[in-house]
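We number each residue from 1, following the sequence as shown. As the structure is a computational prediction, the values presented were derived from the model and not from experiment.
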Amino acid sequence: ELEQAIVEAGGCAAQMRTRQAWQTHPQGMAVNAEQLVQRQTFASPHANPWLGSVARPLGGIKVLDLTRVLAGPVASRFLAGLGADVLRIDSPTWNEPGVVPEMTLGKRCTRLDLKSLEGRQVFENLLKQADILIHGYRADALEQLGYT
């Protein structure tokens with residue numbers, strides 16, 4: 001009940017649960033309904049040649065990083081370490097200075113308000129140029145912004 005009270009007050013809280021309790025919790029059931037990894041490929045009007053090297057095999061790959069703490073930023077940092085051009089996009093209101101060094105290492109960073117027309121236009125232009133979009137949002141968060 002403390003967890004729920006904090007969430008209802010606009011805070012963030014998570015109770016440690018047993019595996020069995022997590023399996024029957026609504027969020028646990030939602031996570032279990034998702035594939036562990038989702039991959040979609042799209043036909044490209046032009047095929048880009050591989051620009052990587054042995055030292056930086058993902059050179060030339062453009063990644064948009066819309067992740068938060070912790071697994072997503074670590075995954076995109078790994079891509080950056082392999083040579084990908086990673087652009088981390090945060091909300092203008094995001095402010096967690098204690099995690100910035102870990103979350104942004106090897107990445108370029110920007111702030112966009114995806115709820116504003118200008119922010120959406122910039123994001124959509126970046127999305128057209130990206131090879132990979134990685135996000136850690138709730139399953140319906142991008143859909144609520146009109147992206148499918």
Side-chain angles (χ1 to χ4, degrees), residues 3 6-7 10-23 25-116 118-148:
E3 174 189 35
I6 292 170
V7 170
C12 180
Q15 174 184 338
M16 290 293 292
R17 292 177 169 80
T18 64
R19 177 173 169 75
Q20 183 179 7
W22 176 247
Q23 298 297 322
H25 186 274
Q27 186 64 38
M29 291 188 297
V31 169
N32 285 337
E34 295 288 324
Q35 297 176 13
L36 181 59
V37 174
Q38 295 183 24
R39 179 176 185 256
Q40 288 181 298
T41 58
F42 302 92
S44 175
H46 57 282
N48 295 328
W50 180 55
L51 300 175
S53 66
V54 172
R56 299 179 62 79
L58 298 183
I61 300 293
K62 294 180 181 178
V63 179
L64 291 184
D65 175 2
L66 280 73
T67 62
R68 295 293 151 267
V69 178
L70 179 68
V74 170
S76 58
R77 183 175 69 195
F78 184 74
L79 297 176
L82 291 172
D85 178 11
V86 179
L87 177 61
R88 179 179 167 92
I89 299 175
D90 288 306
S91 164
T93 60
W94 183 75
N95 186 25
E96 295 182 52
V99 299
V100 168
E102 285 297 315
M103 300 301 109
T104 62
L105 186 65
K107 306 172 191 179
R108 293 179 304 125
C109 301
T110 192
R111 293 181 181 265
L112 285 177
D113 181 357
L114 297 182
K115 295 179 181 175
S116 76
E118 181 182 6
R120 292 172 66 83
Q121 289 173 338
V122 171
F123 175 69
E124 289 166 13
N125 187 45
L126 290 168
L127 194 56
K128 288 176 188 174
Q129 299 172 37
D131 298 298
I132 297 170
L133 169 67
I134 181 171
H135 76 87
Y137 294 159
R138 289 182 307 275
D140 63 344
L142 289 176
E143 291 163 354
Q144 288 181 7
L145 291 169
Y147 298 107
T148 56

A.B. asks: Any sub-3.5 Å donor-acceptor pair from Arg17's side-chain atoms to Gln15's backbone N or O?
C.D. replies: yes
A.B. asks: Please report the interatomic distance CG(Leu145) to CZ(Phe123), rounded to the nearest 0.5 Å.
C.D. replies: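 Rounded to the nearest 0.5 Å, the CG-CZ separation comes out at 8.5 Å.
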A.B. asks: Heavy atoms only: give me the nearest Gly98-Pro101 pair and the separation to one decimal.
C.D. replies: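 Closest heavy-atom pair between Gly98 and Pro101: O-CD, 4.1 Å.
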A.B. asks: Please check if atom OH in Tyr147 has more than 12 non-hydrogen atoms from other residues, nucleotides or ligands closer than 6.0 Å.
C.D. replies: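 Result for OH/Tyr147: enclosed.
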A.B. asks: Does atom CD (Gln40) have a neighbourhood of more than 12 heavy atoms from anything else shown, all under 6.0 Å?
C.D. replies: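 For Gln40, atom CD is not crowded (no more than 12 foreign heavy atoms under 6.0 Å).
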A.B. asks: Which heavy atom in Asp131 sits nearest to a heavy atom in Gly60, and how many Å separate them?
C.D. replies: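 Asp131 and Gly60 have their closest heavy atoms at OD2-O, 3.7 Å.
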A.B. asks: My understanding is that only one of Arg77, Lys107, Met103 makes a side-chain contact (heavy atoms from CB on, under 4.5 Å) with Asp65; could you say which?
C.D. replies: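 That would be Lys107.
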A.B. asks: Can you check side-chain contact (heavy atoms from CB on, under 4.5 Å) on Asp90 and Arg68, steps first, answer last?
C.D. replies: CA-CA 9 Å; Asp90 288 306; Arg68 295 293 151 267; 3.0 Å; yes
A.B. asks: Quick one: are Val100 and Trp94 in side-chain contact, heavy atoms under 4.5 Å?
C.D. replies: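 Yes, close enough: below the 4.5 Å cut-off.
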A.B. asks: Report the distance from atom CE of Met29 to atom CH2 of Trp22, rounding to the nearest 0.5 Å.
C.D. replies: 10.0 Å
A.B. asks: Would the number of heavy atoms belonging to other residues, nucleotides or ligands and lying under 6.0 Å from CD of Gln129 be above 12?
C.D. replies: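 Yes, because the 6.0 Å sphere around CD of Gln129 holds more than 12 heavy atoms from other groups.
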A.B. asks: Specify the closest pair of heavy atoms between Thr104 and Cys109, including all atoms of both residues, with the distance to one decimal.
C.D. replies: CG2-SG, 3.5 Å
A.B. asks: Can you confirm whether Leu66 sits close enough to Leu114 that some side-chain heavy atom of one is under 4.5 Å from a side-chain heavy atom of the other?
C.D. replies: yes
A.B. asks: For the residue pair Ser76 and Ile134, what are the closest heavy atoms and their distance?
C.D. replies: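 Minimum heavy-atom contact is CB-CG2, 4.3 Å.
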A.B. asks: Is the ring pair Tyr137/His135 parallel, tilted or perpendicular, if the boundaries are 30 and 60 degrees?
C.D. replies: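 Plane angle between 30° and 60°, so tilted.
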A.B. asks: Taking it one step at a time, do Asp85 and Arg108 satisfy side-chain contact (heavy atoms from CB on, under 4.5 Å)?
C.D. replies: CA-CA 8 Å; Asp85 178 11; Arg108 293 179 304 125; 3.0 Å; yes
A.B. asks: Please report the shortest heavy-atom distance between Val54 and Pro57, naming the atom on each side.
C.D. replies: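 Nearest pair, atom of Val54 first, then Pro57: O-CD, 3.7 Å.
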A.B. asks: May I ask you to test the Arg88-Thr67 pair for a side-chain heavy-atom distance under 4.5 Å?
C.D. replies: yes
A.B. asks: Side chain of Arg56, backbone of Leu82: donor and acceptor closer than 3.5 Å?
C.D. replies: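 Not confirmed, Arg56 side chain does not pair with Leu82 backbone.
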A.B. asks: Could you give the distance from NZ (Lys115) to CD (Gln144), rounded to the nearest 0.5 Å?
C.D. replies: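 CD of Gln144 is found 8.5 Å from NZ of Lys115.
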A.B. asks: Can you tell if the side chain of Glu102 reaches within under 4.5 Å of the side chain of Leu70, non-hydrogen atoms only?
C.D. replies: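 The answer is no, as the side chains (C-beta and beyond) never meet within the 4.5 Å cut-off.
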A.B. asks: Quick one: CG on Leu79 to CD1 on Ile132, what's the gap to the nearest 0.5 Å?
C.D. replies: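 It comes to 5.5 Å.
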A.B. asks: How long is the straight-line distance from CD of Gln121 back to CG of Leu126, given to the nearest 0.5 Å?
C.D. replies: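 One gets 12.0 Å once the value is rounded to the nearest 0.5 Å.
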A.B. asks: Over all heavy atoms of both residues, which pair between Ala130 and Leu64 is shortest? Give the atoms and the distance, please.
C.D. replies: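 Result for this residue pair: CB-CG, 3.8 Å.
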